[in-house]
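Keep in mind the model is a prediction, meaning the values are calculated, not measured. A note on names: the letters A, B, ... follow the listed sequences, proteins ahead of strands, and every chain is numbered from 1.
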Amino acid sequence: MNLFAEIRALVVDALGQMAAEGSLPAGLDLTPVAVEPPRDPAHGDMATNAAMVLAKPAGLQPRVIAEALASKLSADPRISLAEVAGPGFLNLRLALPVWQRVVTDALQAGGTYGKSALGQGQRVNVEFVSANPTGPMHVGHVRGAVVGDALSNLLAFAGWDVTREYYINDGGAQVDVLARSAYERYREANGLEPEIREGLYPGDYLIPVGEALKAKYGTRLLDQPEAVWLQDVRSFATELMMEEIKSDLRLLGVEMDVFSSEKALYGTGEIEAAIETLRGMDLIYEGVLEPPKGKEPDDWEPRVQTLFRSTAHGDDVDRPVKKSDGSWTYFAPDIAYHYNKVRRGFYALIDIFGADHGGYVKRMKAAVSALSGGKVPLDIKLIQLVKLYKNGEPFKMSKRAGTFVTLHDVVEEAGADVTRFIMLTRKNDVALDFDFAKVLEQSKDNPVFYVQYANARINSVLRKAREAGIACDDATLAGVDLSGMTHEAEIALARKIAEWPRLVEIAARGNEPHRVAFYLYELASELHGLWNRGNYDPSLRFFQTGNAATSAAKIALARAAGVVIGNGLGILGVTPVEEMR
RNA sequence: GGUCCCGUAGCUCAGUUGGAUAGAGCAGCCGCCUUCUAAGCGGCAUGUCGAGGGUUCGAAUCCUUCCGGGACCGCCA
């Protein structure tokens with residue numbers, strides 16, 4: 001299915017023959033042998049570095065190995081040309097039937113084209129969003145949500161068993177602030193003047209929470225000391241906030257598998273157990289930290305605290321797990337939570353954090369490393385911020401949240417599909433500009449439109465063909481004779497289609513869903529290019545008036561591209577459009 | 001001061017995990033656009049890959065030292 005893997009197997013096989021014949025030493029390590037698309041298409045369809053990486057261990061000149069390998073490979077019907085180039089590259093040109101078969105394969109596989117067994121069904125946990133339940137989600141959360149969800153889709157497509165998980169930070173002081181803020185709105189709902197003091201959440205979104213509190217408690221909580229109502233109001237408000245967050249996530253098309261609560265860890269002994277486990281490894285001790293160099297806080301005073309020896313697992317300084325009043329720091333329950341994930345048997349963990357949590361990465365990795373005995377890898381993706389614009393002007397919109405633009409606002413303005421796609425048009429660790437005007441523009445400058453338009457064009461061809469009585473279901477197209485598909489522009493599209501399974505693996509290996517978006521852009525570009533050539537070379541049009549057989553072959557190619565676009569957009573969580581309006 | 005991220009064409013960014021002469025889109029320049037496969041098409045030009053050093057057959061990519069920008073740095077989460 002993966003053409004590159006197939007040709008690599010062919011190369012490995014040929015090397016094996018050479019070893020058997022004595023032209024190559026036996027027992028060479030072939031893992032560094034790669035078969036890749038050459039950077040310059042003029043060099044051929046694929047290139048292998050086999051001769052170069054084997055030269056030293058074999059004690060032979062690269063070109064000697066390459067020549068011998070070339071003559072072996074030339075014997076295979078799939079290879080039309082094998083030539084040695086540069087320092088010892090072996091450039092391969094593949095025979096036309098190979099590319100024709102790519103189209104057939106894609107059509108036969110349909111929604112599974114490009115799926116990989118890379119993950120071998122192993123369980124991987126992707127923790128993302130994890131927004132504090134103190135208000136509606138804002139733009140800052142959107143990108144993390146989209147990246148996490150698309151990454152989950154990608155890993156599932158690549159053969160992993162993925163759990164999407166949200167960690168609810170409902171255990172710290174910020175939810176007390178939420179409760180106090182909601183209480184003021186509750187007083188407001190009862191006709192009193194709210195006192196939104198400094199440090200409380202001022203957003204309008206708490207007004208309905210106040211109303212709901214009034215509906216539930218009437219006037220009973222008025223003029224009561226905080227100790228009486230804090231707990232109830234807190235859990236009531238966080239629950240409502242979580243409902244709102246879940247509904248926001250649905251707007252974006254994100255569905256979590258598991259919600260884990262920080263608060264729920266308290267009182268279960270899980271935190272204590274995690275810390276004791278670390279203590280058993282001599283990784284917990286009472287000690288005094290050095291003040292940070294060059295930036296000593298004014299109120300710095302040496303303090304004895306309970307510390308995690310994270311330096312033993314690659315961190316720069318040890319980290320406190322208890323505050324001076326003896327309560328846990330935020331880090332402690334997070335250690336317990338990650339320990340919990342480790343114990344649930346995940347093969348690998350992934351956290352999607354905001355870039356402002358960068359300072360947290362090493363200690364979290366240290367904790368997971370210690371608690372899993374180095375067995376469970378933790379990959380942390382930091383998501384850079386999104387800058388909003390409209391027609392190039394910085395964009396501010398705050399209907400109800402106070403100072404920030406909410407996820408709801410963004411999706412309402414741009415739509416979930418556009419939002420998701422654009423959020424994936426940058427690598428996670430670089431800042432992203434999001435211009436509401438540009439992302440909705442119907443032009444080539446807009447990658448979402450460009451990819452969707454390619455899909456719409458394919459569908460337009462299919463419609464036209466059906467009207468002309470040509471059977472266009474995938475099964476029929478998969479059986480079409482493609483021997484007439486020989487034009488270089490058509491092969492170029494097939495070549496791009498053949499890259500898809502390889503791209504999925506590369507993207508999954510690096511936990512990099514943005515690669516899918518870039519690939520789709522390139523694929524769309526190939527399709528548009530071929531389509532445009534049809535403008536002045538009618539023989540390249542997908543639909544050939546009055547020639548059903550030729551049309552079917554060309555339509556098979558177009559539809560194969562459509563299959564890949566569908567699968568790719570599926571990973572991004574974007575709905576393919578059938579028609580542009 | 002330390003840690004992490006970023007630095008690639010005028011601009012916005014990719015760069016297949018170490019491969020060949022570093023790519024794309026904008027903007028720029030030159031043509032085309034009575035074609036219905038519309039929401040433009042084709043072509044041209046563009047580089048100190050922040051700088052120096054190192055590793056090796058080979059570096060934008062790995063190591064190191066600087067420079068510039070950002071984030072973070074014990075009782076916030």
*Closest approach of A182(A) and L206(A), non-hydrogen atoms and distance?*
N-CD1, 4.3 Å

*Could you work out the separation of rG68(B) and rG31(B) based on their C1' atoms and round it to a whole Å?*
42 Å

*With syn defined as a glycosidic angle within 90° of 0 and anti as everything else, classify rU17(B).*
syn

*asked:* Using a 5.5 Å cut-off between ring centres and planes within 30 degrees, is Y521(A) stacked on the base of rA24(B)?
replied: no

_What is the separation between atom CZ on R502(A) and atom C1' on rU16(B), rounded to the nearest whole Å?_
5 Å

*asked:* Need the pair for rC41(B). Rule: Watson-Crick or G-U wobble, both distances under 3.5 Å, any strand; none if unpaired.
replied: rG31(B)

*asked:* Using a 4.0 Å heavy-atom cut-off, does E36(A) contact any base of the nucleic acid, only the sugar-phosphate backbone, or nothing at all?
replied: sugar-phosphate

*asked:* Taking the P atom in each of rA27(B) and rA22(B), what is the distance between them to the nearest angstrom?
replied: 25 Å

*Could D316(A) and K362(A) be called an ion pair, given the rule that one side-chain N must be under 4.0 Å from one carboxylate O?*
yes

*Does any non-hydrogen side-chain atom of V147(A) lie less than 4.5 Å from one of M423(A)?*
no

*Using the P atom as the reference point in each nucleotide, state the distance between rC67(B) and rC57(B) in Å, no decimals.*
33 Å

_Carboxylate-amine/guanidinium proximity below 4.0 Å for K381(A) and D351(A)_ = no

*So, do L540(A) and H487(A) sit near enough that their side-chain heavy atoms are less than 4.5 Å apart?*
yes

*asked:* Between E441(A) and K438(A), does any NZ, NE, NH1 or NH2 come within less than 4.0 Å of an OD or OE carboxylate oxygen?
replied: no

*From the list rA77(B), rC26(B), rA20(B), which nucleotide is the closest neighbour of the side chain of D445(A)?*
rC26(B)

*Closest to side chain of P38(A), choosing from rU16(B), rA20(B), rA77(B)*: rA20(B)

*Determine the Euclidean distance between corresponding P atoms of rU61(B) and rG52(B); express it in Å to zero decimal places.*
12 Å

_Quick check on RNA chain B: between P320(A) and V53(A), whose nearest nucleotide comes earlier from the 5' end?_
V53(A)

_Work out how far the P atom of rC11(B) is from that of rG7(B), and round it to whole angstrom._
14 Å

*asked:* Say we look at rC72(B) and rC26(B): how far apart would their P atoms be, to the nearest angstrom?
replied: 36 Å

*Measure the distance from CZ on R363(A) to P on rC73(B) and round it to the nearest whole Å.*
9 Å

*In whole Å, what is the span from the NZ atom of K387(A) to the C1' atom of rG69(B)?*
11 Å

*Now, which nucleotide makes the Watson-Crick or G-U wobble pair with rU55(B), with each of the two distances under 3.5 Å?*
none

*asked:* Under 4.0 Å, counting only non-hydrogen atoms across every strand here, what does A85(A) touch: a base, just sugar-phosphate, or nothing?
replied: base

_salt bridge (Lys or Arg N to Asp or Glu O under 4.0 Å): pairs with one or both residues in residues 516-529 of chain A, sequence neighbours excluded_ = K496(A)-E522(A)

Which pairs of donor and acceptor atoms, one on a side chain in residues 456-465 of chain A, lie under 3.5 Å apart (sequence neighbours left out)?
residue: R457(A); atom: NE; partner: Y453(A); partner atom: OH; Å: 3.3
residue: R457(A); atom: NH1; partner: H528(A); partner atom: ND1; Å: 3.0
residue: R457(A); atom: NH2; partner: Y453(A); partner atom: OH; Å: 3.2
residue: N459(A); atom: ND2; partner: N455(A); partner atom: O; Å: 2.9

_Selection from rG25(B), rG19(B), rA77(B) that lies nearest to any side-chain heavy atom of K323(A)_ = rA77(B)

*Under 4.0 Å between any heavy atoms, over every strand shown, what does A431(A) touch: base, sugar-phosphate, or nothing? Just pick one.*
sugar-phosphate

*Would you classify E262(A) as touching base, sugar-phosphate or nothing, given that sugar-phosphate means primed atoms plus P, OP1 and OP2, and contacts are heavy atoms under 4.0 Å?*
sugar-phosphate

_Tell me whether the NZ or CZ atom of K323(A) lies within the 45° cone about the ring axis of W328(A) and under 6.0 Å from its centre._
no

_Over all strands shown, is E301(A) touching base, sugar-phosphate only, or nothing at heavy-atom distances under 4.0 angstrom?_
base

*Let me have a per-nucleotide readout for nucleotides 32-37 of chain B, 5' to 3', with B, S or -, counting only protein heavy atoms under 4.0 Å.*
---B-B

*Between F434(A) and F436(A), what is the ring plane arrangement, given parallel below 30°, perpendicular above 60°, and tilted in between?*
perpendicular

*Take atom C1' in rG69(B) and the same atom in rG74(B), then report the distance between them in whole Å.*
27 Å

*asked:* With a 4.5 Å cut-off on side-chain heavy atoms, are K341(A) and H338(A) touching?
replied: yes

*How does each nucleotide of nucleotides 3-11 of chain B score, in 5' to 3' order, for protein heavy atoms under 4.0 Å: base (B), sugar-phosphate only (S), or none (-)?*
SSSS-----

*Counting side-chain heavy atoms from C-beta on, which of rA77(B), rA39(B), rG15(B) comes nearest to H514(A)?*
rG15(B)

For nucleotides 59-65 of chain B, list the nitrogen or oxygen atoms of the protein found under 3.5 Å from its nitrogen or oxygen atoms, one pair per line.
residue: rA60(B); atom: N6; partner: R39(A); partner atom: NH2; Å: 3.0

*Starting at atom CD of Q442(A), determine the distance to atom C1' of rA39(B), rounded to an integer number of angstrom.*
7 Å

Please tabulate, for side-chain N and O atoms in residues 165-172 of chain A, each donor-acceptor pair with protein atoms closer than 3.5 Å (sequence neighbours left out).
residue: E165(A); atom: OE1; partner: N125(A); partner atom: ND2; Å: 2.9
residue: E165(A); atom: OE1; partner: R344(A); partner atom: NH1; Å: 3.1
residue: E165(A); atom: OE1; partner: R344(A); partner atom: NH2; Å: 3.2
residue: E165(A); atom: OE2; partner: S260(A); partner atom: OG; Å: 2.9
residue: E165(A); atom: OE2; partner: Y337(A); partner atom: OH; Å: 2.9
residue: E165(A); atom: OE2; partner: R344(A); partner atom: NH2; Å: 2.6
residue: Y166(A); atom: OH; partner: A131(A); partner atom: N; Å: 3.2
residue: Y166(A); atom: OH; partner: A131(A); partner atom: O; Å: 2.7
residue: N169(A); atom: ND2; partner: Y330(A); partner atom: OH; Å: 3.3
residue: D170(A); atom: OD1; partner: S261(A); partner atom: OG; Å: 3.2
residue: D170(A); atom: OD1; partner: E262(A); partner atom: N; Å: 3.1
residue: D170(A); atom: OD1; partner: K263(A); partner atom: N; Å: 2.6
residue: D170(A); atom: OD2; partner: S261(A); partner atom: OG; Å: 2.8

_Given the structure, check if the side chain of N91(A) and the base of rA20(B) hold any donor-acceptor pair shorter than 3.5 Å._
yes

*What does F518(A) touch in the nucleic acid at a heavy-atom separation under 4.0 angstrom: a base, only the sugar-phosphate, or nothing?*
sugar-phosphate

*Cation-pi check, R363(A) onto F308(A) ring (under 6.0 Å, within 45° of axis)*: no

*Partner nucleotide of rU46(B) by Watson-Crick or wobble geometry (both distances under 3.5 Å)*: none

*Using both distances under 3.5 Å as the test, list the Watson-Crick or G-U wobble partner of rG25(B), or none.*
rC11(B)

*On a whole-Å scale, what distance lies between the C1' atoms belonging to rU8(B) and rG47(B)?*
8 Å

*Could you say whether R426(A) or M46(A) is positioned toward the 5' end of RNA chain B, judged by the nucleotide with the nearest heavy atom to each?*
R426(A)

*asked:* Any salt bridge linking D435(A) with K390(A)? Criterion: basic side-chain nitrogen under 4.0 Å from a carboxylate oxygen.
replied: no

*Taking atom types as they are modelled, is there a donor-acceptor pair under 3.5 Å from the base of rA39(B) to the side chain of Y453(A)?*
yes

*Check the distance between rG25(B)'s P and I422(A)'s CD1 and give it to me in whole angstrom.*
17 Å

*Consider the side chain of K444(A), meaning its heavy atoms from C-beta on, and name the nucleotide among rU17(B), rC57(B), rG25(B) that approaches it most closely.*
rG25(B)

_Measuring to OP1 and OP2 of rU16(B), would you say a side-chain N or O of R515(A) lies under 4.0 angstrom away?_
yes

*Sort out the partner of rC72(B) for me: Watson-Crick or G-U wobble, both distances under 3.5 Å, none otherwise.*
rG2(B)

*Do R502(A) and F4(A) meet the cation-pi criteria used here (NZ or CZ under 6.0 Å from the six-membered ring centre, within 45° of the axis)?*
yes

